[in-house]
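Only one structure is covered here, and it is reproduced in the block below.
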Amino acid sequence: MAGDDLTPSQRAAVEHYEGPLLVLAGPGSGKTRVITRRIARLVDRGVSPWEILAITFTNKAAREMAERVERLLPGRRMWVTTFHKFCARLLRERGEAVGLQPNFSIFDTSDQQRLLKQVLHDEDIDATHFPPNKIGWQISQVKNELITPETFKARFEERVGNHMEAVVARVYPKYQQRLIEANAVDFDDLLVHVALLLQEQDDLRAEWDQRFRYILVDEYQDTNRAQYQIVAALSQINANLCATGDPDQSIYGWRGAQIENILRFERDFPSVAVIRLEENFRSTPEILRTADALIAHNKQRKVKVLRTDNPSGPEVELRLFLNGREEAEGIAADIRRQVEDGDRRWSDFAVFYRVNALSRSLETAMARARVPYQVAAGVAFYERSEVKDLIGYLRIIDNHRDRMAFLRVVNTPPRGIGKTTVDKLMKWADSASVPLLDAARCADQIPGLSKRAVTALQQFAGLIDEFAAKSYGPVAETLVEIVSRTRYGHDAALQSEEDLQKKSNVDELISAARHYDEVGGDESSLGGFLETASLAQDLDGIETDLGAVTLMTLHAAKGLEFPCVYIIGVEQNLIPHERSLRNYEPKEIEEERRLLFVGITRAEQHLVMTHTCRRDVHGRELSTIPSDFLNEMPYTNVDCTRGSGSWSPEEESQEVDMDDRLAAPSPKFAALKSILPRLTTGAALEAGTTRPADVPLGFRVGMTVRHPRYGLGTVIEMSDGYARNRTVRVEFTDDGRQESFIASKCPLQPVGLR
DNA sequence: GGCCAGTGTCTTTTT
DNA sequence: GACACTGGCC
């Protein structure tokens, strides 16, 4: 089966049969290929596909790997999934041992924080002094170390810790108890419950160990303790664990990943075969030289050589711009020019940044330059409030005990169940140890509630019961039913722009459900859909051959590759991030260096890093300092601060309104910036529903504009004020109606002269 | 109970 | 700048 197109070390990895295997794979060394080929080879040798478990880090990687396996082994079903999904499956099967029903809910970060806030309140702990997000962070760290509430408490009592630990010791057990009462888990629990189950129940461990005889774990350097425990526990009887990874690409230390897992691997499985894949098939020698020089500055690493036979390409460049706006426009123009020259396609390009906040300027610039783009980030689809509301309904229907879902939808849309009522309800329900929905059902027994509140609560409970009774069909139907019985269906007439946007999100959710129903077939269920929704990742919607430029964080870029890569904001406090600089922690700086290394090594042919003289930080524009990392690698300097850059000069002269941009930022500048009409989203682009907008700098009275709903019109008035307050009044040609819009949020587009 | 406006707080990366 | 929360008002 193994062809002749493999290098000797690749071949060795593919041919490795039984026993533990560690593949240390440098960037672009054909790792995914090796994994898929090895799977095919195993099956070739008579291993049943269902005995193979392949675990990846992202849904996207899982999907791609499944596709590649499918190509090699048509029709064979095997487990290719992410850690979190895998654990969710196991818990649905066997979660009763930790007190979970199969229909448990998965709480996201905001559910987690709201729940923590309640616990803090119950415990009489001041939430301003101990903010829920910090507590949540602490609990997450502790969970990743597989420390249970009991252990933590015991440990804390042994040796008195600080205030924070004292609070965590009190809050963590209550929080955990609340989760179980709600038949729910948080993200960490998915891993922790499974790891502990395997630790405590040997028969179960043995059963699953036998079930998954061959386990392959990708991106092994990013596993945390819980994940390590899980794969190790499943590799006792059948120690056919194959881990692939690259310590130099470990970028998730901040969420508990331990590079040491690779060292521990060799200790725990002394018979391990170690194979290094060092030849790079992805990048030019120029790019590799830069990457190699950078990563060589890390002290804690296993030295690895990066070599390639690829032909030489253009020099790695570092471009300097005046500010973030010029940086973004320069890149947009640069990309547009290359595509227009016929050298490149849109999808050849990716732009990476350290923090999501930097995507805004890029989106603006891309839209203005009419460069099609897709973004992996920001307010992900499932984070939109209207989507979360509907998901909330589905959750409470599927799991009556889901406390956070109940609280989210009980008064959405408003049905006269306010804070006072909910507080009384919670108090009563908690003292009676009854789920909120059950309490609502018998609200008439709760003392102190007004007649109206009782009716409203009981009606709400009845509504949910009705939905639940009908929820066994396709998920999309359930959703449609919910939409039509709640606000989302009713105010279809005369809506604001925001409502229209919401409506389209609702429609998108319904089509996602429909898609799920179709693909899942008989196996689809409400719970399954919810799981998919809960474990969705920003990267999920990204298609690399979509015909669009891809924008994403450096973290999201892991595992991907693009012919041309831009990495923006290579500045001190950004890369390395200020938080890693605050306390002098070499470990953290090294992780930042690895992050940049990951970004650099995504590039196949051309790499451009950029930095600026001044940059908006938290709203204020400040002078910047070039990243320390820039002293550690070779590249060619390009100064783009005087129009000498790669974008056309006309681009600049068109921006009459911006002639003050060289001066200190003025209120006018801020205002113009903040009234930009809404940008095309990646999702919309992908769906083909919108074309990248020609986004103007601002509206002027007398300007002709087009509105997707009302057609052509003229701007007749603009309010004073900045930012959100600013509105535009438009008279529409069609019927003479006048409408006001929030300038920053409406889809008005200027017509005619640019 | 619901809505608005004003204020205060916090800003990394993700499942 | 964005968002959560509060307080005041209807």
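In what follows, chains carry the letters A, B, and so on, assigned in the order in which the sequence lines appear, proteins first and then strands, with residues in each chain numbered from 1.
In this entry the distance linking CE of A:M552 with C1' of B:dT14 reads 14 Å, nearest Å. Rounded to an integer number of Å, the gap from NZ of A:K451 to P of B:dG1 is 16 Å. Between the CD1 atom of A:I251 and the P atom of B:dT14 there is a distance of 9 Å, rounded to whole Å. Per the geometry, CG belonging to A:L191 stands 17 Å off P belonging to B:dT14, to the nearest Å. In this structure, A:D189 atom CG and B:dT14 atom P are separated by 21 Å, rounded to whole Å. As rounded to whole Å, 17 Å separates atom C1' of C:dA4 from atom NE2 of A:H121. Going from atom NE2 of A:H555 over to atom P of B:dT15 covers 11 Å, rounded to whole Å. Here B:dT15 presents its C1' atom at 10 Å from CG of A:N144, a figure rounded to the nearest Å.
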Tabulated below should be each protein N or O lying under 3.5 Å from an N or O of nucleotides 2-4 of chain B; please produce it.
{"residue": "B:dG2", "atom": "OP1", "partner": "A:G416", "partner atom": "N", "Å": "2.8"}
{"residue": "B:dG2", "atom": "OP2", "partner": "A:N411", "partner atom": "ND2", "Å": "3.1"}

Which protein N or O atoms sit under 3.5 Å from an N or O of nucleotides 8-11 of chain B?
{"residue": "B:dT11", "atom": "OP1", "partner": "A:N133", "partner atom": "ND2", "Å": "3.4"}

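Cation-pi geometry between A:R89 and A:F86 is not satisfied (NZ or CZ under 6.0 Å from the ring centre, within 45° of the ring normal).
Proximity of A:I575 to A:L554: side-chain heavy atoms (C-beta onward) are separated by under 4.5 Å at one or more points.
Take A:Q458 and apply the side chain to side chain contact (heavy atoms under 4.5 Å, CB included) test, not counting sequence neighbours, and it matches A:A443, A:D444, A:V454. For A:R602, there are no salt bridge (Lys or Arg N to Asp or Glu O under 4.0 Å) partners two or more places apart in sequence or in a different chain. Residues satisfying the side chain to side chain contact (heavy atoms under 4.5 Å, CB included) criterion with A:E590, sequence neighbours excluded, are A:N298, A:K299, A:Q300, A:R593, A:R594. Among residues two or more places apart in sequence or in another chain, the ring pair (Phe, Tyr, Trp, His ring centres under 6.0 Å) test is passed with A:F460 by A:F406. Scored by the salt bridge (Lys or Arg N to Asp or Glu O under 4.0 Å) test, A:D111 finds A:R395 as partners (sequence neighbours excluded).
Note on A:T109: a base of the nucleic acid sits closer than 4.0 angstrom, heavy atoms only. The residue A:T421 sits close only to the backbone: its heavy atoms come under 4.0 Å of sugar-phosphate atoms, none of a base.
With both ends at atom C1', the span from C:dA4 to B:dT13 equals 23 Å, rounded to whole Å.
Between B:dT14 and A:T553, a contact under 4.0 Å exists linking OP1 or OP2 to a side-chain N or O.
Salt bridge absent: A:D616 and A:R325 never bring a charged side-chain N and a carboxylate O closer than 4.0 Å.
Nearest nucleotide to the side chain of A:T420, out of C:dA2, B:dG1, B:dT15: B:dG1.
The stacking criteria are not both satisfied for A:Y252 over the base of B:dT13, which would need a centre-to-centre distance under 5.5 angstrom and an angle between ring planes under 30 degrees.
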Show me the side-chain donor-acceptor pairs of residues 224-231 of chain A shorter than 3.5 Å, one per line, residues at least two apart or across chains.
{"residue": "A:N224", "atom": "OD1", "partner": "A:A226", "partner atom": "N", "Å": "3.1"}
{"residue": "A:N224", "atom": "OD1", "partner": "A:Q227", "partner atom": "N", "Å": "3.0"}
{"residue": "A:N224", "atom": "ND2", "partner": "A:N144", "partner atom": "OD1", "Å": "3.2"}
{"residue": "A:Q227", "atom": "OE1", "partner": "A:N224", "partner atom": "N", "Å": "2.8"}
{"residue": "A:Y228", "atom": "OH", "partner": "A:D268", "partner atom": "OD2", "Å": "2.3"}

Would you be so kind as to tabulate the donor-acceptor pairs closer than 3.5 Å made by side chains of residues 416-428 of chain A, with sequence neighbours excluded?
{"residue": "A:K419", "atom": "NZ", "partner": "A:D423", "partner atom": "OD2", "Å": "3.0"}
{"residue": "A:K424", "atom": "NZ", "partner": "A:G448", "partner atom": "O", "Å": "2.9"}

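Both A:W137 and A:R452 lie close to DNA chain B; mapped to their nearest nucleotides by heavy-atom distance, the more 5′-ward contact belongs to A:R452. With the nearest nucleotide of DNA chain B identified for both A:E592 and A:A536, A:E592 has the one nearer the 5' end.
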